[in-house]
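Values in this document were obtained by computation on a predicted structure and should not be read as measured data. Order of listing sets the numbers, starting from 1, for every ligand and every atom in it.
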Amino acid sequence: MSDDLQDALDRAAAAPRLLVALDFDGTLAPFTEDPADSRPLPAAREALDALAQLPHTTVAVISGRPLEFLRTVVDPDSRMVLSGSHGAEVDLSAAPGAGSGTRIELSAQQSDLLERAVAATLALVARYPGARAEPKPAGVAFHARPIADPGEAQQALEEMTAVYEAMPGLRLTPGQLVVECSVLGATKGDGLATIAAAVHPDVTVFAGDDVTDEDALAVLGPGDVGIKVGEKDSMARWRVADPPALAACLSLLAHRRTRAMTSMK
Ligand SMILES: O=P(O)(O)OC[C@H]1O[C@H](O[C@H]2O[C@H](CO)[C@@H](O)[C@H](O)[C@H]2O)[C@H](O)[C@@H](O)[C@@H]1O
């Protein structure tokens with residue numbers, strides 16, 4: 001971790017109200033072939049558990065995953081604020097007095113479009129051995145990671161993208177060996193803005209690895225700490241190599257925040 005990032009985390013740890021918001025896949029959890037197998041790294045989980053128990057400190061996970069997955073796999077103890085489906089779902093129940101959040105309610109037209117998108121995804125999955133469909137409340141993801149041949153995986157992603165693009169009303173989200181579509185237009189920037197409006201942080205720390213995380217990085221202010229995980233282009237001011245390096249940052253932040261909150265007592 002660079003000295004500059006350590007300084008930024010030290011400053012964040014001393015904030016009167018701190019929000020630590022994190023992407024899940026590729027940030028808290030390393031990639032796995034089957035999305036159902038993903039889990040946060042133990043060091044990251046330990047740091048988040050410690051942070052979530054501190055006063056004036058909110059931990060949030062903002063992910064493309066369905067909210068229900070985040071509730072059951074990432075935060076079974078309901079200590080974190082959660083945003084699923086790329087910002088379309090928000091559960092604020094871990095933030096006292098903040099209200100309930102945002103639920104997905106689809107119109108009949110949106111439900112029909114979603115049904116057609118799922119059918120088109122399953123049709124392509126049937127043509128590419130190994131490919132997988134992941135249905136979501138307002139969309140569906142086509143996964144190419146399990147396709148053995150990289151050229152074939154790329155071709156499958158391009159075909160799926162073309163199919164989604166030909167269906168008016170779908171919003172496309174590219175990702176890491178995945179292409180997703182949604183019948184809603186929400187972004188992770190919307191999710192982070194909703195959470196920040198509810199918990200009023202003085203400083204927000206946000207980390208993410210993918211192109212969708214740029215929407216969240218875009219709503220950070222000059223005093224916030226935006227961290228890119230990995231090597232992709234980013235507007236983030238700070239960068240770490242991979243999920244273990246991010247877990248080390250979270251451990252440091254948890255340690256410093258614990259000390260800051262203890263000395264305030
Ligand atoms: O916003 P995120 O938390 O980063 O979620 C983005 C998508 O991540 C998942 O797919 C990615 O991780 C899988 C498990 O490691 C991997 O198999 C896949 O290749 C990656 O693209 C998830 O399955 C999607 O629903 C998320 O939208």
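Using a 4.0 Å heavy-atom criterion, the residues that approach ligand 1 are Asp23, Phe24, Asp25, Phe31, Thr32, Glu33, Pro35, Ser38, Ser63, Gly64, Arg65, His86, Glu134, Lys136, His143, Arg145, Gln176, Val178, Glu180, Lys188.
Hydrophobic clustering (ILVMFWY, side-chain heavy atoms < 4.5 Å, transitive): Leu22 and Val199 are in distinct clusters. Grouping the Ile, Leu, Val, Met, Phe, Trp and Tyr side chains by contacts below 4.5 angstrom, directly or via other members, places Ile104 apart from Ile62.
Counted within 6.0 Å of CD on Glu115, heavy atoms from surrounding residues, nucleotides or ligands total 12 or fewer; the atom is thus considered open. For CG of Asp34, the number of neighbouring non-hydrogen atoms (other residues, nucleotides, ligands) closer than 6.0 Å is greater than 12.
For Ser234, the side chain to side chain donor-acceptor pair (under 3.5 Å) criterion is met by Glu214, not counting sequence neighbours.
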Worked verdict on Lys232 versus Asp210 for salt bridge (charged side-chain N to carboxylate O under 4.0 Å, His left out): CA-CA 7 Å; Lys232 287 187 166 184; Asp210 209 350; 3.0 Å; yes
